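Here is the structure we will look at, set down as structure tokens.
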Amino acid sequence: MPGKVFFQGNYDLCSLRKMKSAERIFLLLRKGPPLTEYKGNALFSLRKFVIGDSHLWLDTLQIWKQFQEPSAQRGISHTQEKSLKRKLDDNSSTESKTCKKETIVNEAHLYSEEQAPMEANTQLLPPKPSVRDAEDTGHPLFEHDISEPVAFRVSCRCSGVLTKKMTAQDIGRIIGVALSQQFGWKPDLRRPMLEVFVHLNDMYSVVGFPILRQPLASRDYIQSTGLRATTAWAMASLAEISTAQYVLDPMCGVGTILLEAAMEWPHATFLGIDKSESQLKHALNNVKKAGVMNRVALLQGSVLGLPVLSESMDVVISDIPFGKKFTCSKDMKELLPDIIQQMERVLRIGGVLVLLLSQKLHYHLKTNFNFKSNENKTLQIDGLDSSCQCSSKDSKAKEQIAMKHLDFTSLTYIESHSISLGVTEAVFFKCKKTS
């Protein structure tokens, strides 16, 4: 399904942690059609679908408990732990107030469930561990006794027709009350033992329990974060690095793409270039933390004049900067032709180019630049879509590019993929150098 992958697997938490492109892993409780297909009252349909068979909830809860690490602190995520440490370190009242605000923001972020480029939902039916297994480990099998009321909270994502009848907050409240009445569970928004995830839209209805307390994108080998690790890995997976020797990221930032690629394909050599000295320092710290110093090199330089030999790279992969965090004296649309020219120059024949672009930049690229298609035809979208209107600024930029006569006919367009970066929509753009 869009944004979700359903699968069955064995009871092995270590293997589940190795999934690189999944944002979060859920133990699947219920999956069904959109609630709009149910006849009758929407509130009754919601309660009936979510609660359903009470034995299914209790059985799934037992399976979920088997996944939990005995040493995990009750309901405290990695993000919240860092906020609590900051609180203890601060002495002044002003700093304490600031940390309190950060804690609230972090809790709201965990509750909103908005950042999910890809989610994996898993239906696992492992055997029940024996008492001997629990004794051998030296830890209690579960952190909480089964007889104790379960402290829980409901995280709900809702879109489509259903939102006209009720909000996500209303749905979460209805489900929370129903669970409390059915099982005697206790709502706890701050430090829940269990999170109940509900996703309702016009395509499907899903209920599940997150297996891990923090997203898989939180890699332990990345100290300074930049591009989301799951997105970086997905980019690298398109670049055909398994057959490459030299890989270049000409705007590497803190090096997230290089790290994800180096950890997955240890045979290749990786080069990261960035004009920012501070970004390169963060990248160096990440490279040291990941233990890939012998395979990743960093160099200060400009993407507009790459200090790299022509046709020397097997793969060029880059996150073209966009968004509020990116500031530049020139519009990226004006710089894009020169950037791609440099990437085309250093890429060997048969090499792969993979870019992460905003939707606007991607449309600008496909509209104004010439690429060769797989059928040896020039790929260009003449004019604009009937649904899109071109501003005077875009028209001027198009005229300037046309005057330069920039045709990237040595680059053959392969594929594009839309991807969600939270509230921002972006595109993976892939092509190969053929001549």
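These numbers were taken from a predicted model, which means no experiment stands behind them. When reading the values below, keep in mind they use all heavy atoms of this one structure, side chains included, and skip hydrogens, waters and symmetry mates.
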Can you measure from [atom1] ([X]) to [atom2] ([Y]) and round to the nearest 0.5 angstrom?
X: Ile63; Y: Leu28; atom1: CD1; atom2: CG; answer: 10.5 Å
X: Thr60; Y: Leu29; atom1: OG1; atom2: CG; answer: 4.5 Å
X: Ile317; Y: Ile257; atom1: CD1; atom2: CD1; answer: 5.0 Å
X: Asn201; Y: Cys158; atom1: CG; atom2: SG; answer: 8.5 Å
X: Asp170; Y: Ile175; atom1: CG; atom2: CD1; answer: 11.0 Å
X: Trp233; Y: Ser21; atom1: CH2; atom2: OG; answer: 5.0 Å

Do you know which two heavy atoms are closest between [X] and [Y], and how far apart they sit?
X: Val292; Y: Met263; result: CG1-SD, 4.0 Å
X: Leu347; Y: Leu411; result: CD2-CD2, 4.5 Å
X: Val254; Y: Ser224; result: CG2-O, 3.6 Å
X: Ala262; Y: Phe270; result: CA-CE1, 3.5 Å
X: Arg295; Y: Pro266; result: CD-O, 2.9 Å
X: Ile241; Y: Ala261; result: CD1-CB, 3.7 Å

Using only atom types and a distance under 3.5 Å, with no angle test, would you say the side chain of [X] pairs donor to acceptor with the backbone of [Y]?
X: Gln300; Y: Lys275; result: yes
X: Arg30; Y: Gly208; result: no
X: Asp188; Y: Ala151; result: no
X: His267; Y: Ala244; result: yes
X: Glu311; Y: Val346; result: no
X: Thr163; Y: Ser159; result: no

Got [X] and [Y] here, is their nearest side-chain heavy-atom distance under 4.5 Å?
X: Val427; Y: Ile419; value: no
X: Met343; Y: Ile339; value: yes
X: Glu425; Y: Ser420; value: yes
X: Ile273; Y: Asp249; value: no
X: Val247; Y: Met313; value: no
X: Phe428; Y: Thr231; value: yes
X: Ser312; Y: Val308; value: yes
X: Phe408; Y: Glu344; value: yes

*ring pair (Phe, Tyr, Trp, His ring centres under 6.0 Å) contacts touching residues 151-175 (sequence neighbours left out)*: Phe152-Trp185
*Is the count of non-hydrogen atoms from other residues, nucleotides or ligands lying under 6.0 Å from Tyr221 atom OH greater than 12?*
yes
*When the aromatic ring centroids of His417 and Phe429 are compared, is their separation below 6.0 Å?*
no
*Hey, do the aromatic rings of Trp57 and Phe209 have their centres closer than 6.0 Å?*
yes
*Is the NZ or CZ atom of Lys4 both under 6.0 Å from the centre of the six-membered ring of Phe26 and within 45° of that ring's axis?*
no
*With distance as the sole criterion, is a donor-acceptor pair present between the side chains of Thr434 and Thr412 under 3.5 Å?*
yes
_Any side-chain donor near an acceptor of the partner, Ser310 and Arg345, under 3.5 Å_ = yes
*Pick one: which of Lys432, Arg348, Lys433 meets salt bridge (charged side-chain N to carboxylate O under 4.0 Å, His left out) with Asp314?*
Arg348
*asked:* Closer than 4.0 angstrom, basic N to acidic O: yes or no for Lys18 and Glu264?
replied: no
Output side-chain donor-acceptor pairs under 3.5 Å for residues 353-362, partner residues at least two apart or in another chain, one line each.
from, atom 1, to, atom 2, distance (Å)
Ser358, OG, Leu361, N, 3.1
His362, NE2, Ser416, OG, 3.2

*Please report the C-alpha distance between Lys430 and Glu240 in whole Å, then the side-chain angles of each, then the deciding distance to 0.1 Å, and finally whether the salt bridge (charged side-chain N to carboxylate O under 4.0 Å, His left out) criterion is met.*
CA-CA 11 Å; Lys430 176 181 176 180; Glu240 304 178 20; 2.9 Å; yes
*Can you name the one residue among Glu260, Glu23, Arg219 that meets side chain to side chain donor-acceptor pair (under 3.5 Å) with Thr230?*
Glu23
_Reference residue Ile340; test side-chain contact (heavy atoms from CB on, under 4.5 Å); the match among Leu335, Ile320, Leu365_ = Leu365
